[in-house]
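Reviewing the structure listed below.
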Amino acid sequence: MTRILLLGGTTEASTLARLLAGAGAEAVFSYAGRTERPAPQPLPTRVGGFGGVPGLADYLRDEGITHVVDATHPFAAGMSRNAVAACAEAGVALVALERPGWTEAGGACWTRVDDIAGAVSALPERGARVFLAIGKQNVADFAAKAGNFYLLRLVDPPKDPLPLPDAEAVIARGPFDVAGDRALMQHHRITHVVAKNGGGAGARAKLDAARALGLPVILIDRPAVPPRKVLHSAEAVMAWLGHEADLGV
Ligand code: 3Y8
Ligand code: NAP
């Protein structure tokens with residue numbers, strides 16, 4: 001009997017959840033519990049970590065999971081690493097649903113950096129007005145360039161004071177659109193955009209808005225994850241599951 005664990009948190013995961021629900025598949029959707037009100041899903045949903053590799057391996061065995069689809073964000077490298085190790089340990093099939101990274105369109109002014117530290121180094125010492133659209137996990141790293149103004153975009157209102165002396169937060173969850181991001185950046189007189197190369201349509205708007213405004217973008221490359229089978233669309237995952245399992249899809 002096929003039973004699927006879908007590690008979510010992305011637009012592609014939500015698309016796959018709808019296809020699985022439509023096919024009447026036995027599946028569980030999983031969120032980390034990073035946001036206060038995650039989008040509801042059409043599948044039974046669990047929220048919170050598993051407790052590292054051992055916790056995930058135990059979950060797979062206890063819940064009789066036969067297939068794991070890792071549809072987490074490309075920067076959720078810890079979850080992806082754990083999924084590779086736990087599925088190997090529990091003997092459970094694993095596939096990653098991953099969207100390609102963004103490629104530079106003509107007229108864009110992108111500086112690619114390896115990681116957050118690279119993005120901090122690439123910024124001016126002071127006087128810049130930076131759209132820091134990378135969420136909240138790494139904001140404190142930019143205190144090294146505290147002489148700049150930072151516009152943050154967060155999913156939930158910050159509980160603590162922002163860790164940057166000259167910063168403002170807008171509260172919004174994507175997907176975002178070019179017109180909205182262009183207006184936001186013009187309103188705040190933004191001079192630089194910092195973004196993760198998450199790929200997908202839901203966060204690309206700021207890059208297209210930056211190109212339209214002739215603004216430089218500092219783009220952070222995604223972290224390395226261990227080798228695993230990777231597919232690039234929810235439909236391809238459904239076909240894989242269909243071949244792999246008795247989904248009847
Ligand atoms: C909790 C689930 C869906 C999924 C929607 C996608 C699109 C909108 C764009 C910007 C960039 C950022 C951030 C972003 C986007 C989608 C997708 C995507 C970027 C939710 C969600 C959860 C999270 C976690 C959150 C992180 C943060 C990152 C904001 C739900 C809305 C910046 C990534 O406050 C926090 O702690 C937020 C943490 C991880 C990165 C960070 O380091 O802070 N995502 N985002 C998931 C969980 O608990 O398991 O609340 O509904 C999902 C989505 N966020 O179903 O349609 O597919 O990428 N998410 C980045 O790309 O840089 C915003 O502002 O321009
Ligand atoms: P991460 O750093 O890779 O994972 C840290 C820990 O969070 C994992 O070891 C696991 O805890 C738990 N976790 C992560 N994703 C989970 C999931 N889907 N279900 C259950 N537990 C999960 O992850 P992250 O970067 O904080 O991302 C957390 C969530 O936000 C993921 O669902 C991801 O898809 C989504 N997201 C992240 C980004 C981003 O920029 N990082 C962007 C958009 C969406 P245990 O070790 O205890 O199992």
Side-chain angles (χ1 to χ4, degrees), residues 5-18 28-43 45-60 68-86 96-99 101-102 115-116 119 131-141 151-160 169-178 180-182 184-185 190 193-210 217-226 234:
L5 172 64
L6 174 48
L7 301 173
T10 58
T11 307
E12 291 74 18
S14 299
T15 302
L16 179 57
R18 286 193 292 275
V28 179
F29 192 98
S30 181
Y31 278 123
R34 293 300 306 271
T35 54
E36 288 165 12
R37 281 175 303 287
Q41 295 292 340
L43 293 173
T45 299
R46 65 169 300 288
V47 180
F50 296 95
V53 174
L56 178 53
D58 287 346
Y59 178 88
L60 298 177
V68 172
V69 180
D70 176 1
T72 58
H73 189 275
F75 279 74
M79 184 73 259
S80 295
R81 286 188 203 110
N82 289 1
V84 170
L97 171 51
E98 193 175 82
R99 65 256 183 137
W102 294 311
D115 49 28
I116 297 283
F131 182 21
L132 195 53
I134 58 168
K136 81 175 180 194
Q137 289 182 91
N138 305 103
V139 169
D141 296 64
L151 174 67
L152 311 182
R153 179 148 63 186
L154 305 175
V155 177
D156 296 317
K159 293 185 177 58
D160 309 313
V170 291
I171 306 305
R173 71 174 57 209
F176 303 102
D177 63 73
V178 180
D181 277 4
R182 180 170 176 164
L184 180 72
M185 290 151 74
I190 296 300
V193 176
V194 175
K196 295 175 182 174
N197 194 346
R204 188 190 165 106
K206 58 187 173 287
L207 304 187
D208 295 333
V217 173
I218 296 166
L219 196 63
I220 304 164
D221 281 340
R222 38 186 72 174
V225 291

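Start at 1 and go down the list; that is how both ligands and their atoms are numbered. Along the sequence shown, residues are numbered consecutively beginning with 1.
Within 4.0 Å of ligand 1, contacts by protein heavy atoms are made from Gly9, Thr10, Thr11, Ser14, Tyr31, Ala32, Gly33, Arg34, Thr35, Pro38, Ala39, His73, Arg99, Ala133, Ile134, Gly135, Lys136, Gln137, Arg153, Val155, Arg173, Gly174, Pro175, Phe176, Lys196, Gly202, Ala203, Lys206. Sorted by chain then number, the residues whose non-hydrogen atoms approach ligand 2 to under 4.0 Å are Gly8, Gly9, Ser30, Tyr31, Ala32, Arg34, Arg46, Gly48, Gly49, Phe50, Gly51, Gly52, Thr72, His73, Phe75, Ala76, Ala77, Gly78, Met79, Asn82, Gln137, Lys196.
Listed for the Asp181 side chain is a donor-acceptor partner under 3.5 Å among the backbone atoms of Lys206. Put simply, the side chain of Thr10 gets close to the backbone of Ala71: a donor and an acceptor are under 3.5 Å apart. Not one N or O on the side chain of Asp208 forms a donor-acceptor pair closer than 3.5 Å with the backbone of Val178. The closest donor-acceptor contact from the side chain of Trp102 to the backbone of Gly200 lies under 3.5 Å. Within the 3.5 Å criterion, the main-chain N or O of Gly198 finds a donor-acceptor partner in the side chain of Arg222. Remark: the backbone N or O of Phe176 is not paired with any side-chain donor or acceptor of Arg173 at under 3.5 angstrom.
A salt bridge links Lys159 with Glu36: at least one charged nitrogen is closer than 4.0 Å to a carboxylate oxygen.
In terms of heavy atoms, Ala119 sits closest to Val194 at CB-CG1, 4.1 Å. Here the closest non-hydrogen pair linking Ile171 and Pro157 is CD1-CA, 3.6 Å.
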